[in-house]
Amino acid sequence: MAESQGDETAGGTRGGQYSGPTAHVPEPVHDHHDDPAFITRTRFLTGVALVTGGVMTAAILVPVVGFAAADALKDEEWRWVDVGPLSDFPDGETSSIAVSGPAPESDRRAFLRHRDGAMIAIWNRCAHLGCPVSYSPGGDVYACPCHGGAYDSLGRVTSGPPPRPMDRFDVKIVTPDGQDVARQTSPAEGVSTAGASPEDRVLLGRPFSIDEEQNPFKLHGPGELVTGPLSNLYPF
Amino acid sequence: MAESQGDETAGGTRGGQYSGPTAHVPEPVHDHHDDPAFITRTRFLTGVALVTGGVMTAAILVPVVGFAAADALKDEEWRWVDVGPLSDFPDGETSSIAVSGPAPESDRRAFLRHRDGAMIAIWNRCAHLGCPVSYSPGGDVYACPCHGGAYDSLGRVTSGPPPRPMDRFDVKIVTPDGQDVARQTSPAEGVSTAGASPEDRVLLGRPFSIDEEQNPFKLHGPGELVTGPLSNLYPF
Amino acid sequence: MATTDIGPKNPAVKAGEAAFDYVDKRTGVKTGAKWFMFRNIPAETSWFQTLGFTAMALFGMQAITGIILAMYYKPDPNSAYQSIEVITNEVTWGWLVRGMHKWGASAMIVVVFLHLGRVFFFGSYKYPRELTWVTGAILLIMTMFMGLTGYLLVWDQKAYWATVVAVNITASAPIVGPYVADILRAGPEFGPETLSRFYSIHMLVIPGGMATFIGLHLFLISKLGIAEPPYSKRRMAVERAEEEARRAAENERLPYGRREVPAVAPATPEPQKVEGAS
Amino acid sequence: MATTDIGPKNPAVKAGEAAFDYVDKRTGVKTGAKWFMFRNIPAETSWFQTLGFTAMALFGMQAITGIILAMYYKPDPNSAYQSIEVITNEVTWGWLVRGMHKWGASAMIVVVFLHLGRVFFFGSYKYPRELTWVTGAILLIMTMFMGLTGYLLVWDQKAYWATVVAVNITASAPIVGPYVADILRAGPEFGPETLSRFYSIHMLVIPGGMATFIGLHLFLISKLGIAEPPYSKRRMAVERAEEEARRAAENERLPYGRREVPAVAPATPEPQKVEGAS
């Protein structure tokens, strides 16, 4: 390198004294250090160390993060759950039944509402922040103990902070040997129990969210909006 | 303090000039700072801060250390445990019976040895480092799986690292209504079963350690010596 | 002190000094301790400035009692509540240590907020102490998270539902909220893994972070020194003098402070060199 | 690099530099990082000197995997083994993370001992690095204790009895041994509290101590610099020169090194003042 820098001034003057041939031929600069693409040994070794360290750190962090998060981000699986024969839920009554939650404390329940030959199942999870909602048969309303959310008989918000109605479970009625008798076509109508016999079984399925007009939406967490511009904050 | 230092030179000369009465009376030094016992304000406040901090630290550490250690240092309580009628342990047999330990895994057992009208109970804890010892009826010997300790039929060391014989449980025989029939007077003799009827109950009590001559000692932990000069290393 | 410092030294003192010198020569602990402990502080520093130390002492108490409580606590839904009952009712002084940890947590929240208020109202967060404030704000957030995660560990109904609500508040944050909540509770709903996860966060993740940030916070406090109280005589005198200077400048229409200097035509033209004249 | 460093700067680079200057002005991070990262090291420093960093990296890996494993582990005799089965067989990549923690522990013991051997055979523990060695020895002991306490957590028969033996070895230490063992196992025999106690020691007490001592160890290494390898040319030249000087001194019977200077009668008596003469 010292040689290549010497080359540059080889034909010039040093300190004003004449010291070589007079004709100055400009030579191309070829000090590798002036070339931004040139890789010095230090640069090469620094790069090797950084890449090796990065690969090893990733080899530790990727499994660790996957281990911590992968299972947590799986959606819960839902299956059709038989909750009893239709005769357990007579027309005109709203029954509260336990739906298995992952923890014994979770107190996840459904309110099976049977009115005028139609049945809907309302999840007892408050749409505000997930507290368990209680049903008052007197007023035919639901109330949340945590922050005073109140819902009407169909789970639509009447007062308090909840941003949307309570979620519903899908419901279907099948014969004891598993043939479909009636399925839910729209949440507003529910499942018709007109053609079903009392021994037919009631099954609860995957839950879903609804808006105030009882249009179905993908299940959302408590506190999330399903309509309006702010619902775009929860795209997934 | 400035005043008291001024007093010292009050009657003297300042800068060689005459400035007061000629007779110089030496006064006692009374600068408080020269007295090692004098408490300055800084010293007082430092002391107050140290004492307050010490009291507060102790108020945290004493309960914490007591909480962590106090229960651990309690000796285990031992009660007489009924292990069955005498007919379960016929003369000439060595039976292994479970003695409740604090954990289900602890596998604390007693070998009830009944020979020639006398009964002893050997704890299955190896006197080396506490592994569970197994009994071979063929050779009438005990062997430890961990480090090859071997014991004869009375639990005295025949080979391997154990420093003393296996510990014994106290044994007594009582009538079904709780009257003492026979108690152990010396560990070498054991409990005499001569005068006992088969329905009498066998009870196990507090364990103790023995030396090679089967003299009883207070219960020692595994690895501790009970005789010889090195036993003084375990005074408590 | 002056005249007692003569004569041969006590041999124990000499040995202690030799040992201290040995350590000091290799570590520079004397310089470091002096730098950290014997700082100059502004006049009129008051009891208000001890709130930060109080918060740190409470953190220390929580760490010690927490380590010892962990020797008896079991983060399993089937045995958590029962293990806390054992701590409270059976273990020697267990009620006391648990109480210290519980009330210490509340006290720490209170003291941290008082400290925050003191720093804010004294204006101690201003230049050059912005980063001290930032590390303190991170410590505040971590303290709140300690409260949240510790609250669940009792595993009674109140703890359970309060934490359900708190995690659902997290979940309602836009876009990432639901994912953070899923990771926090180890699934879409509170389940058996949630408790051990909160325990791990309460014991390992946040305390590690807090210890690190307390170290940084202390380093910055030592390096930058503590701020002068706003009511201190010196600072008020400086402010008064500045105010007077500002008014005087206004009266005479002179530029002061950051106000723009008015463009004034030069009173006398600058002398110009005439070419050729010498 | 020389001639490319001209012209206006990239705005992103400028903003980054301004942010860095902001932080550096308040914290002095540039000085600190330079002091810590860009130290002069002796010639012929080799791969052997990387063992300490390897041990530290393994500690970091153990810390990270341990924190995450704690999110699923339950230190309760009834559920400990089962929770480890869940980790190994059900949780995503659980077998991998548990394997990293398990084999990382073994690797750490090996690497720490290799590091110990390197320091010993290179003589790096000598003046002025005695305290670095002492902190390292404490770290070695704590690493061994991590192995002991971690081994029990699996709570199978092998772990149980191996730990019974290890604690009984502790118990056979004179006088204090039985008390230490009683405190370790929370009673006179292994019981239900032993597991959570070992867990607390494994997770909180020792890792806290290790982090502190790794910090001290690193500080001392940075402050005192690393030692020259015994085979380095400079050191061997110094030793050769010393040996030659020693031999030359011996040949000419001159004092050298620490040998006592032979008492030689003074060649000329000191001039003595004669009383009265002046």
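Naming: A, B, ... by sequence-line order, numbering from 1 per chain.
Ala59(B) and Met100(C) make their closest contact through O-CE, 4.0 Å (heavy atoms, listed as atom of the first residue, atom of the second, distance).
At most 12 heavy atoms of other shown residues, nucleotides or ligands fall within 6.0 angstrom of atom OH in Tyr81(C). Other residues, nucleotides and ligands contribute only 12 or fewer heavy atoms inside 6.0 Å of the CH2 atom of Trp95(C). Counting heavy-atom neighbours within 6.0 Å of Phe219(C) CZ, excluding the residue itself, gives a total above 12. A 6.0 Å sphere centred on CD of Gln82(C) holds no more than 12 heavy atoms belonging to other residues, nucleotides or ligands. Within a 6.0 Å sphere centred on CZ of Phe145(C), other residues, nucleotides and ligands contribute 12 heavy atoms or fewer.
Heavy atoms of Leu69(C) lying under 4.5 Å from chain B belong to its backbone as well as its side chain. Interface residue Val97(C): only side-chain heavy atoms are found under 4.5 Å from chain B. With a 4.5 Å cut-off on non-hydrogen atoms, Leu96(C) touches chain B through its side chain but not through its backbone.
Proximity of Trp93(C) to Val62(B): side-chain heavy atoms (C-beta onward) are separated by under 4.5 Å at one or more points.
Taking CG of Leu58(C) as the reference point, atom CD1 of Ile60(B) lies at 7.5 Å (rounded to 0.5 Å). The line from CZ of Phe67(B) to OG1 of Thr65(C) is 9.5 Å long, rounded to the nearest 0.5 Å.
Partners of Phe38(C) according to the ring-ring contact (aromatic ring centres under 6.0 Å, His included) rule, which considers only residues two or more places apart in sequence or in another chain, do not exist here.
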